[in-house]
Amino acid sequence: MTITDNSIYLPKDEMPRNWYNVLPQLPTPLGPYHTPDGQELPPEALAAIFPPGLIEQELSDRLWHPIPEPVLEALALWRPTPLVRAFGLEKALGVTSRIYYKNESISPSGSHKSNTAMAQAYYNKQAGLKRLATETGAGQWGTALSIAARHFGLDIRVYMVRVSLDQKPYRRVIMNLMGAEVLASPSQMTKAGRAALAADPDTPGSLGLAISEAVEEAAGRPDTNYSLGSVLNHVLLHQTVIGQEVIKQLALADEKPDYLIACHGGGSNFGGLATPFIPALLEGQKFKLLAAEPAACPTLTTGTFGYDYGDTARLTPLMPMYSLGPDFQPPAIHAGGLRYHGASPIVSNLLKSGLIGAETVDSAEAYKYARIMAQSEYIIPAPESSHALALTCRKALELEQQGQPGVLVFVLSGHGLLDLSAYEKAPD
Ligand SMILES: *Cc1c(COP(=O)(O)O)cnc(C)c1O
């Protein structure tokens with residue numbers, strides 16, 4: 001018998017050697033970051049918390065950034081990731097469209113966050129930093145950065161949103177195993193944390209507040225920098241290995257995509273998939289780039305566009321983005337990685353200029369398709385990724401009804417093997 005391979009693998013030496021920077025190709029330029037009084041933020045201001053290599057990328061007008069050798073070696077531990085034809089899912093849905101998923105769950109942390117974690121740890125080590133401070137919502141970012149800190153020899157403290165720490169205790173175990181210190185946020189360690197606890201000792205915490213704590217610590221210690229797992233330009237830059245590989249893999253499979261879909265929390269896995277496709281879109285190729293966001297935290301679909309803070313305590317610069325406001329307290333949904341009030345300025349810019357679209361998915365729909373995927377592909381998606389999966393299934397079913405099957409690609413941004421308590425409690 002012949003065995004059909006459902007996966008499109010790229011050989012190791014086809015790994016992207018450069019990151020793709022969409023900034024110089026945006027039809028309308030990205031507005032600069034602002035200080036609270038509305039002035040343009042001087043780049044030096046970022047130097048208190050970020051290393052020079054990342055600041056250069058944050059504000060770069062160069063199209064391609066070579067990936068440093070040590071980062072390439074780190075990424076090669078699991079990259080290139082396969083693009084997998086979801087035969088089982090197609091059959092379970094009863095559709096004739098071809099559905100592919102880009103499997104980012106095979107990284108050491110189990111999510112796409114390792115792509116930027118390795119790069120960020122490298123640039124901080126190179127700049128002589130000894131420690132990193134960061135926040136984590138669902139725990140994936142803290143896990144990814146703890147592994148990267150271990151890989152490049154840095155100490156790390158992680159402020160983990162309290163509600164997520166309660167929901168996902170095993171994430172803390174992994175971070176501790178890597179040598180990281182993990183604190184529940186809000187904590188007594190920072191001014192921002194103490195203020196939040198004084199206002200409400202039982203607060204579940206939020207990503208915005210945990211960011212305040214980590215930024216406050218990094219700004220106050222010369223040996224410590226801050227690391228952010230999403231939103232910022234340099235983070236999206238590092239994630240473009242995803243989209244660049246998908247472009248090559250679709251070409252190998254002789255496929256032209258109709259839909260490219262990723263979930264949206266702060267915008268990094270979506271931006272990493274979408275931005276490398278922007279040149280083709282601008283050249284007139286016909287396909288849709290769609291962000292899937294949770295109905296409980298609908299930043300792109302109902303937020304307002306303007307300058308807003310990235311954190312609750314208003315310590316970050318103001319960024320031009322869609323936002324629900326820094327005080328927005330998202331409900332404690334299980335897709336913790338999607339509970340962020342803001343959005344990446346790059347993704348916001350693309351949405352505003354009509355190059356991409358966004359739709360919401362509620363948690364019942366996300367879990368419905370997560371269950372179908374688990375039972376047909378035997379892969380348990382992260383609750384975040386299930387939003388991309390659900391939107392993909394929705395579009396595949398729409399295409400079927402219109403009698404126009406197509407090609408749909410979504411990013412499986414992570415696996416859900418540490419989210420089983422969420423599956424246990426999810427609606428049937
Ligand atoms: C963090 C996370 C997300 C959301 O973050 P983005 O920056 O929007 O990509 C999505 N999926 C997984 C598995 C995550 O860990």
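Predicted model, so just to flag it, every value in this text is computed and none were measured. First listed ligand is number 1; within each ligand, the first listed atom is number 1. Sequential numbering from 1 along the given sequence is applied to the chain's residues.
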Closer than 4.0 Å to some heavy atom of Gly414 - which atoms of ligand 1 meet that?
13 (C)
List ligand 1 atoms under 4.0 Å from Ser230, heavy atoms only on the residue side.
6 (P), 7 (O)
State the OG1-CG distance between Thr360 and Asp362, to the nearest 0.5 angstrom.
7.5 Å
Can you pull out the closest protein heavy atom to atom 13 (C) of ligand 1? Residue, atom name and distance to 0.1 Å, please.
Ser413 OG, 3.4 Å
Cation-pi check for Phe305 against Lys352: NZ or CZ below 6.0 Å from the six-membered ring centre and within 45 degrees of the axis, yes or no?
yes
Pair Glu365 + Lys368, salt bridge at N-O below 4.0 Å:
no
Between Glu216 and Arg221, is the closest basic N to carboxylate O distance under 4.0 Å?
no
Contact (N/O only, under 3.5 Å) between Leu338 and ligand 1:
no
Atom indices of ligand 1 within 4.0 angstrom of His264 heavy atoms, with elements:
8 (O)
Residue His112 vicinity, atoms of ligand 1 by number, heavy atom under 4.0 Å
2 (C), 3 (C), 9 (O), 10 (C), 11 (N), 12 (C), 14 (C)
Between Arg85 and Glu255, is there a salt bridge with N-O shorter than 4.0 Å?
no
Would you say Gly266 and ligand 1 have an N/O pair spaced under 3.5 Å apart?
yes
re atom 4 (C) of ligand 1, the protein heavy-atom contact at minimum distance is Gly337 O, 3.4 Å
May I ask whether Ala138 has any heavy atom positioned less than 4.0 angstrom from an atom of ligand 1?
no
Parallel, tilted or perpendicular for Tyr123 and Trp19, by the 30°/60° rule?
tilted
So the atoms of ligand 1 within less than 4.0 Å of a heavy atom of Cys263 turn out to be 10 (C), 11 (N)
Got an N/O contact under 3.5 Å between Ser385 and ligand 1?
no
So, are Asp202 and Arg162 salt-bridged, with charged N and O less than 4.0 Å apart?
no
As a check for students: among Lys113, Glu104, Glu384, identify the option with a heavy atom nearest to atom 14 (C) of ligand 1.
Lys113
Any ion pair linking Asp258 and Lys288 (charged N to carboxylate O, less than 4.0 Å)?
no
Tell me: protein heavy atom nearest atom 8 (O) of ligand 1, and distance?
Gly265 N, 2.6 Å
Taking it one step at a time, do His112 and Ser107 satisfy side-chain hydrogen bond (donor to acceptor under 3.5 Å, both in side chains)?
CA-CA 7 Å; His112 70 289; Ser107 85; over 6 Å; no
May I ask which of Ile242, Asn269, Leu236 has a heavy atom nearer to atom 9 (O) of ligand 1 than the others do?
Asn269
For Phe270, is at least one N or O under 3.5 Å away from an N or O on ligand 1?
no
Derivation of the side-chain hydrogen bond (donor to acceptor under 3.5 Å, both in side chains) call for Asn115 and Glu104
CA-CA 9 Å; Asn115 297 329; Glu104 291 297 310; 3.1 Å; yes
